[in-house]
Amino acid sequence: MPLLEVSDVSKTFPGVRALDQVSFTLNPGEVHALVGENGAGKSTLIKVITGVYQPDDGELRYQGEPARFGTPMDAQHAGISTIYQEVNLIPLMSVSHNLFLGREPRNRLGLLDEGRMHREARAILAGYGVTADIRLPLGTLALGAQQMVALARAVMIDAKVVIMDEPTSSLEPREVETLFGVIRELHARGIGIVYVSHRLDELYRICDAVTILRDGRVVHTGRLADLERIRLVALMLGREMSEIRREGATAFSSEKAVDTGAAPILRASGLTSRRKLHDITFDVRPGEVVGLGGLLGAGRSETIKAIGGAYPLDDGDVQVDGVDLKRPTTVQAVRNGIAVQPEDRKAEGIVAGLSVRENIALAVLPKVSRLGLVSDARIDAIVERYMTRLRIKASSPDQLVGDLSGGNQQKVLLARLLATGPKVLLLDEPTRGIDVGAKAEVQSLIDELAAEGIGVVLVSSDAEELIEGADRVVVLRDGVVVGTLTGASVTTEDLMATIAAAAPPEEAE
Amino acid sequence: MTTATLTLTTRDLRAWLPKYGVYLAIVLLVLYNIFFTPYFLTWSNLRIQLIQVAPVVIVALGMALVIGTEGIDLSVGSVMALAAALIPLYLGYGVAAAVLVSLLAGVAVGLINGVLVARVGLQPIVATLALFVGGRGLAVVISGGQLKDVRNPDLIRLGSGDLLGIPILVWVAAVLVLVVAFVVRRTVFGRRLLAIGGNRRATELAGLPVKRVLITVYVICSVLASIAGLLSVARIQSSDASAVGLLIELSAITAVVVGGTPLTGGRVRVLGTVAGALLMQLVIATMIKHNLPPSTTEIAQAVIILVAVYVARERKAR
């Protein structure tokens, strides 16, 4: 009998069908990988299972009985525990208090039995490789150790299902081994584990089964060992192999003329940031579109932000048009012609409460001012030019950006970047969450800009967009450049093969 | 048809009230006073009201800018006290020296606040709390804990003199209102300030000097507070560090909020802030004229704040 059965569950949010008739089965003692790119529906599915969301449609069965969890608390009481990427315990309380929170042992007088609590906590945590003083506040422990405490707590409360959301993203290799040891033990005890991760090596080491989500649907489910790595990647990135060969599905032109002899307009060398980026080096020539390939968490967004000065680097060097910026601040980056379009448009891109006009002019205010006084006429000229060129649809330049459609918001953001006269344009998921028409417009704009001699770095989870848009693709995995596709090898197959290739032994330290 | 018209009206009202409700309230209160309060419409009464409200307006202007960046400045009252405490010490060197020193005190406090918020990354309420507590303590120490009379004729003229029949104090406040309104609307600095309040992360990524702008905002706020402190001393012709500007941060925040500036940043209503300060002043004056005890006045103020915040509350995303 399956431990947990999700059948034909659907969940719709305004404008998005987050889950579309999703079914998912977890057996006792099974480690089940749940994979998919951003927005595939993994988080929504987890939230439905843990009672955060109620499904619109479909059924949940837990231990053979129909189940409906009204709140996360209900799910937890029933034995479904979740360990999030970010530990959700109380950092200022001691480790043992966190472990026993809500179920503290009491003595005969009904008072807290601290001695027993500490003793038991020490014994339990030793089994998880946590040897730190359990009387210290949890927050003083390393993140990995905190995660182990969270895991220990989850298992202690008689969990039958443990959901792990990217549990290794903040762990040291040694801690990963301990975690895997614990997972094997849970496995032996018949506990079902849902394991969310993008690290293929880990999935193949620890998981029995896999369910792949894409655009809110299950595209594959079955034994993981039976699924080739390349098939897994292809299913995740969302194109059937035969479908990929279809040409011209994006608005990118196939003809490109890049002067391969030209000096690079952007040179990133040795970008290193603790745990996330390791010695990332690549060049972009004027007029060239360089794609950054890889799965979620490979370090693509971090690379882009680091070049733009918005992500802390421990080491590395950025050069634009021959000028060595070392590790630039955002102000220096923009001043020297680096423009970054961040992935999260709402949180890091637009200023929703300001008008289209103000948003476009934001980065060039000094240029349109004299003695600190803004010239409306000059702003209007710029706004007019870019609203026309990018075909921004707004009732007027004074409309608030927050009221525009996603596609138009994205165009406003691009207009702001272009107004700075960039030499290098770094685009992180430029077409995510925008409608088909706007998508095609943005894609042809990228081509146009490259033709004007701007160096473009493109990040996209849409393999087709990446392959057709880029002249060259630098593939990242776990913050390391694992390959570069050039010329005839810029194909979806080669991209997937490079992503899927097993990590060389020296990397698995 | 009727229903549609009706819903439209409600929605219009929802958008209209937070922006212009404060003016409506002032008009209603003035009308009430014209009919029911004896001697309300006399020049001497209006003059007193304006003189009393001027320091609050000046402090509230700075507060509005800080709130526009999604911050808050609790230290304004202490800055007034510091300015007040420093004046008698330097008055011997002339009014100009005393004014300069008290303004410099404002710059110093503003720099500390700004650096704590922008560079150290403290939350504004915590960063400015330090000087809210410490600033007044320092001011009392500087003044030796004594009330000092100020007899400098130039300074007294600043506090009690007239220009074209209008008190100089009121002129100063009016000019500052215009300057701040101009800064918000027409300058690069003003636009940047609003962008930071609207979305700080995005503004940083757009390559704007966010930290510099934030520090400047806190400096401006403190300098305005020190001007208010200076004018208060000039008006009451004495310096009492333990009393000048006491609780003015609350009056200033109230004026800003009642005036329709959202606490979530990204928008600053300069004229609304002035109106907010005027409204609160009118409420207090009306209550006093009708012999209501101060406790009633405080309750009325509380109700107005709640109404203002309720009317302006952000509607949840649909």
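Naming: A, B, ... by sequence-line order, numbering from 1 per chain. The structure presented is a predicted model; accordingly, all values stated were derived computationally and were not measured.
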Quick one: does [X]'s side chain get under 4.5 Å of [Y]'s, heavy atoms only?
X	Y	answer
A:L365	B:F189	no
A:V374	B:R191	yes
B:L208	A:L362	yes
A:P366	B:R192	yes

Ignoring hydrogens, what is the shortest heavy-atom contact between [X] and [Y]? Give both atom names and the distance.
X	Y	result
A:A310	B:R201	O-NH2, 3.3 Å
A:V334	B:G207	CG2-CA, 3.4 Å
B:A206	A:A363	O-CB, 3.5 Å
A:S369	B:V188	OG-CG2, 2.9 Å

For the [atom1] atom on [X], are there more than 12 heavy atoms of other groups (residues, nucleotides or ligands in this structure) within a distance under 6.0 Å?
X	atom1	value
B:R200	CZ	yes
B:L100	CG	yes
B:R212	CZ	no
A:E384	CD	no

Could you check which of A:G372, A:A339, A:A352 has the highest count of heavy-atom pairs closer than 4.5 Å to chain B?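 Highest number of heavy-atom pairs under 4.5 Å: A:G372.
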For chain B, find which of A:A361, A:A333, A:G349 contributes the most heavy-atom pairs closer than 4.5 angstrom.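 So the answer, after comparing A:A361, A:A333, A:G349, is A:G349.
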Testing B:T203, B:L205, B:N199 for side chain to side chain contact (heavy atoms under 4.5 Å, CB included) with A:E348, which one passes?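 Checked B:T203, B:L205, B:N199 against A:E348; only one passes side chain to side chain contact (heavy atoms under 4.5 Å, CB included): B:L205.
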Region of [X] that comes under 4.5 Å of a non-hydrogen atom in chain B:
X	result
A:L354	side chain
A:A347	backbone
A:L413	neither

A:D376 with B:R186: basic N within carboxylate O range, under 4.0 Å: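 Yes, this pair counts.
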